[in-house]
Peer 1: 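One structure coming up, written as structure tokens, with questions to follow.
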Amino acid sequence: AKDYIVKDIAQADYGRKEIAIAETEMPGLMALREEYGESKPLAGARVAGSLHMTIQTAVLIETLNALGADVRWASCNIFSTQDHAAAAIAEGGTPVFAVKGETLEEYWDYIDRIFHFEEGGANMILDDGGDATLYILMGARVEEGEEDLIAVPTSEEEEALFAQIRKRMAESPGWFTKQRHMIKGVTEETTTGVNRLYKMMEKGHLPFPAINVNDSVTKSKFDNKYGCKESLVDGIRRATDTMMAGKVAVVCGYGDVGKGSAASLRGAGARVKVTEVDPICALQAAMDGFEVVVLEDVVHSADIFITTTGNKDVIRLEHMREMKDMAIVGNIGHFDNEIQVAALKNHKWTNIKEQVDMIEMPAGNRIILLSEGRLLNLGNATGHPSFVMSASFTNQVLAQIELFTRGENYENKVYVLPKHLDEKVARLHLGKIGAKLTELDPEQAEYIGVSPEGPFKPEHYRY
Ligand SMILES: NC(=O)c1ccc[n+]([C@@H]2O[C@H](COP(=O)([O-])OP(=O)(O)OC[C@H]3O[C@@H](n4cnc5c(N)ncnc54)[C@H](O)[C@@H]3O)[C@@H](O)[C@H]2O)c1
Ligand SMILES: O=C(Nc1ccc2nc(N3CCOCC3)sc2c1)c1ccc(CN2C(=O)C=NC2=O)cc1
């Protein structure tokens, strides 16, 4: 019987072709297959994975398989699945439950399915955003009658989640508690999921060790800075075909994402201005040659506005009312509240094409809003390039090996990968781009107080 749910299995060949190309752009994962394909350190691992089911993730899944793991997979966002990637994974024999545009009901059903290995349950979780971990933890708490300890549902969605879990518990009492004790650990991809794990740890609710993959330097610097540097301009071009050279662009925020975004637009020939609240980041922007302004002073003259702050209400209605006709407004930072899109709902909207809308202001000026204020590099482009994801996912595989083979050395806390593994991820990516590493000789190593093979920096070093 087929153990997958995908949109269209006939797309498997197309997915397989794109996976073959992505493999050539993901040297870290392919190097791990070389290094560990024989010894199979993940033999016996049963990994429940909840992470965007894209072509790049397919390469991650097949790397886990190559290292001996059994894997079952769902996406962590109801819209982020690339159906041809899911089809190829299903065709390859990995149970996968992911459809672009799946309902919330289906989403939680798929999260449940990734734990149902024939041998009983999963013994590892690979999570992005924390829903897979939350699902098991919440289920176990309800079974143990500790429901009072569970956060009160804050939305209809969470209410539906609790109802789903209770319904399933009634079908097989004790399953969540058994599953909770079977899991050796979780590796978490993003800031949101990591924050949830730290909260669980503080409350003493973390039921197994966790590795925070997000805070590996070779994950967040690459994802946030270089990923956005590649995909911001890509998203703007696909959406608007506007000529960015010669235009004035404003980037709100100069953190990792802001730095990548400003560089992206400068590379396209735009004159880039930056807004910041943090004097250190503002000074960095100025030293990098960007004019540091307050938004109110440039809303009338700039052509492109991009938010990257992770904050809310950064571009507000009063700003958009003052903008030039046909100004482009987009967000690459947090969810859809960096730009006050909700305040635009009773304005005149004209849909230009998918994820591109033109909105008329009372004074008659029109703005072009990308992806309805959601992450434009995902809504208007295809997320991060494979090479960027390779760095992130190489951290994921090393973290899975660490917890599966040495989990008993870990307490129920949140850990980051040791620096030598972070450096190993970087090392595995140098060959592909022709980067030649210089060897430290013993005297030099001693002189700067490191060992010749690293780690090359102290723990507190900020890259
Ligand atoms: N789209 C993507 O692919 C992608 C990738 C990685 C991260 N992100 C998201 O981007 C956001 C930013 O990530 P980051 O790593 O750059 O965070 P960060 O904290 O390094 O940078 C955010 C910056 O915004 C500044 N800021 C906050 N409020 C501001 C305001 N009102 N006006 C101007 N500046 C303001 C802060 O001072 C900070 O320097 C996060 O929500 C993150 O989840 C998106
Ligand atoms: O979130 C991602 N993608 C995504 C794509 C489309 C989309 N469409 C949406 N809507 C909203 C409501 O109206 C309809 C349209 S939301 C949405 C989200 C996403 C994040 C990280 C990576 C990073 N990544 C991986 O993890 C693997 N490869 C990658 O690039 C990917 C996708």
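Numbering starts at 1 and runs along the sequence shown. Both counts, for ligands and for their atoms, begin at 1 and track the order of listing.
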Peer 1: How far is atom 8 (N) of ligand 1 from its nearest protein heavy atom, and which residue and atom is that?
Peer 2: Val257 CG2, 3.8 Å
Peer 1: Between the side chains of Glu372 and Lys345, is the shortest nitrogen-to-carboxylate-oxygen separation below 4.0 Å, so that they form an ion pair?
Peer 2: no
Peer 1: Please state which part of Leu51 comes within less than 4.0 Å of ligand 2, counting heavy atoms only: side chain, backbone, both or neither.
Peer 2: side chain
Peer 1: Nearest protein heavy atom to atom 17 (O) of ligand 1, by residue and atom, and its distance?
Peer 2: Asp256 N, 4.8 Å
Peer 1: Do Ile304 and Val250 touch side chain to side chain, with heavy atoms closer than 4.5 Å?
Peer 2: no
Peer 1: State the atoms of ligand 1, each with its element, that fall below the 4.0 Å cut-off from a heavy-atom position in Asp278.
Peer 2: 37 (O)
Peer 1: Got the closest protein heavy atom to atom 35 (C) of ligand 1, with its distance?
Peer 2: Thr309 CG2, 3.4 Å
Peer 1: Just jot down the ligand 1 atoms closer than 4.0 angstrom to any heavy atom of His384, in number order.
Peer 2: 3 (O), 5 (C)
Peer 1: Please list the nearest protein heavy atom to atom 23 (C) of ligand 1 with its residue and the distance rounded to 0.1 Å.
Peer 2: Glu276 OE2, 3.6 Å
Peer 1: When you measure from atom 15 (O) of ligand 1 to every protein heavy atom, which one gives the shortest distance, and what is it?
Peer 2: Asn224 ND2, 2.7 Å
Peer 1: For ligand 1, which atoms sit closer than 4.0 Å to a heavy atom of His334?
Peer 2: 41 (O)
Peer 1: Considering only protein heavy atoms, determine whether one is less than 4.0 Å from atom 43 (O) of ligand 1.
Peer 2: no
Peer 1: Just to confirm my output: which protein heavy-atom neighbour is closest to atom 2 (C) of ligand 1, and how far is it?
Peer 2: Asn377 ND2, 3.6 Å
Peer 1: Give the minimum heavy-atom separation between Ile306 and Leu265, together with the two atoms involved.
Peer 2: CG1-CD1, 4.3 Å
Peer 1: If you have a sec, work out which protein heavy atom is nearest atom 9 (C) of ligand 1 and how many Å separate them, to one decimal?
Peer 2: Gly333 O, 3.3 Å
Peer 1: Protein heavy atoms: any of them under 4.0 Å from atom 21 (O) of ligand 1?
Peer 2: yes
Peer 1: As an exercise, identify every atom of ligand 2 less than 4.0 angstrom from a heavy atom of Lys100.
Peer 2: 6 (C)
Peer 1: Note the single closest protein heavy atom to atom 12 (C) of ligand 1, along with its residue, its atom name and the distance in Å.
Peer 2: Thr308 O, 3.3 Å
Peer 1: So is Cys281 touching ligand 1 or not, going by heavy atoms under 4.0 Å?
Peer 2: yes
Peer 1: Among Leu378, Thr275, Asn214, Asn311, whose heavy atom sits nearest atom 33 (C) of ligand 1?
Peer 2: Thr275
Peer 1: Flag the pair Glu23 and Arg33 as a salt bridge only when some basic side-chain nitrogen lies within less than 4.0 angstrom of an acidic carboxylate oxygen.
Peer 2: yes
Peer 1: Which atoms from ligand 1 have a heavy atom of Gly253 less than 4.0 Å away?
Peer 2: 24 (O), 33 (C), 34 (N)
Peer 1: For atom 2 (C) of ligand 2, what's the nearest protein heavy atom and its distance?
Peer 2: Leu378 CD1, 3.4 Å
Peer 1: Given Asp336, Thr190, Thr54, identify the one with the heavy atom nearest to atom 28 (N) of ligand 2.
Peer 2: Thr54
Peer 1: How far apart are the closest heavy atoms of Leu403 and Pro209, and which atoms are they?
Peer 2: CD1-O, 3.8 Å
Peer 1: Given Ile332, Val294, Val277, Ile315, which one has a non-hydrogen atom that is nearest to atom 30 (C) of ligand 1?
Peer 2: Val277
Peer 1: Tell me which part of Gln355 gets within contact of ligand 2: side chain, backbone, both or neither, using heavy atoms under 4.0 Å.
Peer 2: side chain
Peer 1: List ligand 2 atoms under 4.0 Å from Asn77, heavy atoms only on the residue side.
Peer 2: 1 (O), 18 (C)
Peer 1: Using a 4.0 Å heavy-atom cut-off, say whether Cys228 meets ligand 1 through its side chain, its backbone, both or neither.
Peer 2: side chain
Peer 1: Mark up the atoms of ligand 1 that fall under 4.0 Å of a heavy atom belonging to Asp223, in ascending order.
Peer 2: 5 (C), 6 (C)
Peer 1: Any idea how Phe97 and Tyr110 line up, ring-wise: parallel (<30°), tilted (30 to 60°), or perpendicular (>60°)?
Peer 2: tilted
Peer 1: Between Lys225 and Glu230, is there a side-chain N and carboxylate O pair less than 4.0 Å apart?
Peer 2: no
Peer 1: Any idea which part of Leu375 is under 4.0 Å from ligand 1, heavy-atom wise: side chain, backbone, both or neither?
Peer 2: side chain
